[in-house]
Amino acid sequence: MLGSVRRVGVLANLDKPHAVSLTAQLLHWLAQRGVEAAVPPEVGAALGGGARVAPFGELAEGAAFLLVLGGDGTLLSAARRRLGIPLLGVNLGHLGFLTELEAPDLFPALPALLAGQYELDERLMLECVVHGPGGAAERYHALNDVVLTKGPFARLLRLTVTAEERLVLTYPGDGIIVSTPTGSTAYSLSAGGPVMHPHVQGLLVTPICPHSFYSRPVVLGTAERLAVRPEVAPGPRHLVDLALTVDAQEGRPLVPGEWLEVGVAAATTTLVRRPGWSFHDVLRRKLADDGRVAEGREDA
């Protein structure tokens, strides 16, 4: 059991129905119980004033955790900001694989959580560095995955993956997914990758539509730094179109000569869980019963 909670941060996805009204209700509920809460400026503006506002980077100051009202996509976005405090996800979306609570459960569950009756669930994150000729390296962080894909033209893309300058595999196909164990239930699963328990220490490399009978997903060690180098089959250069996406929410095109370095980030994401939380229960309920696999992709 952790100590009682006296301060929290609150982040809401304002595009979600009822997000503003639920946030206002939550802040009033917390204030009545002597719990300080701060919201980022855009949420404060949507509430029309009256809420304690703090820049996003200061929401973590003195807070036990950040309440994230939205869905998996909202939580993924909060995780990439690397605030350094645990995240308590409240699902206002559809799937809610990463989030801990559904909206109707929020107020019944809060008294125990504020009394310190919760557990911490630490997750690996990825760091992706874009290297290129004559340019400064660009860094991205991901809780789920880093994806490199070809554009809309049906031309074969060949990706060479090395680890510490040793060849891992060469993938001909439409692209590649490098994911954390958390991200194994996202795009990688749709592409035929295995489900990994989130506490497994490993990186998952999954080819997208491989043009080979022998290209299969590979699990690598977390100490390895992967280099992903693309080459495109001969053809008109103006048809070359490569795209990097991070957690299906941000990214950019890659130009000829650029390549990716991907590995485990120094930062991690910590999720707040109620006692007794089980990945197997979530997996069975969200995937087997619901029949949909879309973690972090229904909710940006």
Side-chain angles (χ1 to χ4, degrees), residues 76 80 124-184 186-194 196 200-212 214-235 237 239-267 296-297:
L76 288 170
R80 288 198 308 279
L124 293 179
M125 295 188 72
L126 295 177
E127 180 184 62
C128 174
V129 185
V130 181
H131 296 277
E138 296 180 23
R139 295 181 185 273
Y140 297 85
H141 288 82
L143 177 57
N144 264 0
D145 50 38
V146 169
V147 180
L148 182 61
T149 55
K150 71 179 187 63
F153 294 97
R155 298 180 60 202
L156 187 66
L157 173 64
R158 187 178 300 276
L159 295 167
T160 299
V161 180
T162 58
E164 311 302 332
E165 299 185 355
R166 293 179 179 271
L167 178 65
V168 178
L169 282 171
T170 299
Y171 291 106
D174 286 355
I176 197 170
I177 306 163
V178 182
S179 68
T180 64
T182 297
S184 71
Y187 190 9
S188 174
L189 186 58
S190 299
M196 297 174 66
V200 169
Q201 298 294 299
L203 295 180
L204 177 58
V205 181
T206 305
I208 304 171
C209 297
H211 194 74
S212 167
Y214 306 105
S215 293
R216 293 291 183 267
V218 176
V219 178
L220 301 175
T222 56
E224 298 183 276
R225 301 287 294 186
L226 307 182
V228 181
R229 291 182 169 86
E231 60 179 84
V232 180
R237 297 301 296 174
L239 296 184
V240 174
D241 186 10
L242 302 176
L244 165 70
T245 56
V246 178
D247 280 347
Q249 294 182 340
E250 63 178 350
R252 69 168 180 84
L254 257 66
V255 301
E258 290 186 321
W259 58 279
L260 306 180
E261 177 189 354
V262 186
V264 171
R297 285 174 159 72

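At least one donor-acceptor pair closer than 3.5 Å links the side chain of D247 to the backbone N or O of N144. Between the side chain of T180 and the backbone N or O of L143, at least one donor-acceptor pair lies under 3.5 Å.
Annotation for G263 and L203: closest pair CA-CD1, 4.3 Å, computed over non-hydrogen atoms. Minimum heavy-atom separation, L242 to K150: CD2-CA, 4.1 Å. What you find for L220 and V205 is that their closest heavy atoms are CD1-CG2, 4.0 Å. The two atoms that bring R216 and Y171 nearest to each other are O-OH, 3.5 Å, heavy atoms only. Closest approach of S179 and D145 over heavy atoms only: CB-CB, 3.8 Å. Between L189 and S184 the shortest heavy-atom distance is CB-O, 3.3 Å.
Going from atom OG1 of T170 over to atom CZ of R229 covers 11.5 Å, rounded to the nearest 0.5 Å. With values rounded to the nearest 0.5 angstrom, W259 atom CH2 is found 14.0 Å from L159 atom CG. The distance from the CG atom of L148 to the OG1 atom of T245 is 8.5 Å, given to the nearest 0.5 Å. Interatomic distance, L156 CG to E231 CD, rounded to the nearest 0.5 Å: 9.5 Å. The distance from the CD1 atom of I208 to the CD1 atom of I177 is 4.0 Å, given to the nearest 0.5 Å. The NE2 atom of H211 sits 9.0 Å away from atom CZ of R158, with the distance rounded to the nearest 0.5 Å.
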Checking side-chain contact (heavy atoms from CB on, under 4.5 Å) for the pair L254/L260: CA distance, chi angles, key distance, verdict?
-> CA-CA 10 Å; L254 257 66; L260 306 180; 4.0 Å; yes

Full working for side-chain contact (heavy atoms from CB on, under 4.5 Å) between V147 and Y187 = CA-CA 9 Å; V147 180; Y187 190 9; 3.8 Å; yes

Hey, mind stepping through L244 and E258 against side-chain contact (heavy atoms from CB on, under 4.5 Å) and telling me if it holds?
-> CA-CA 11 Å; L244 165 70; E258 290 186 321; over 6 Å; no

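Within 6.0 Å of the CD atom in E164, the count of heavy atoms belonging to other residues, nucleotides or ligands exceeds 12. Counting heavy-atom neighbours within 6.0 Å of R139 CZ, excluding the residue itself, gives a total of 12 or less.
Contact check for L204 versus P194: side-chain heavy atoms found under the 4.5 Å cut-off. Here the side chains of P207 and P172 are not in contact, with every heavy-atom distance at 4.5 Å or above.
Taking the charged nitrogens against the carboxylate oxygens, R225 and E127 do have a contact shorter than 4.0 Å, which makes a salt bridge.
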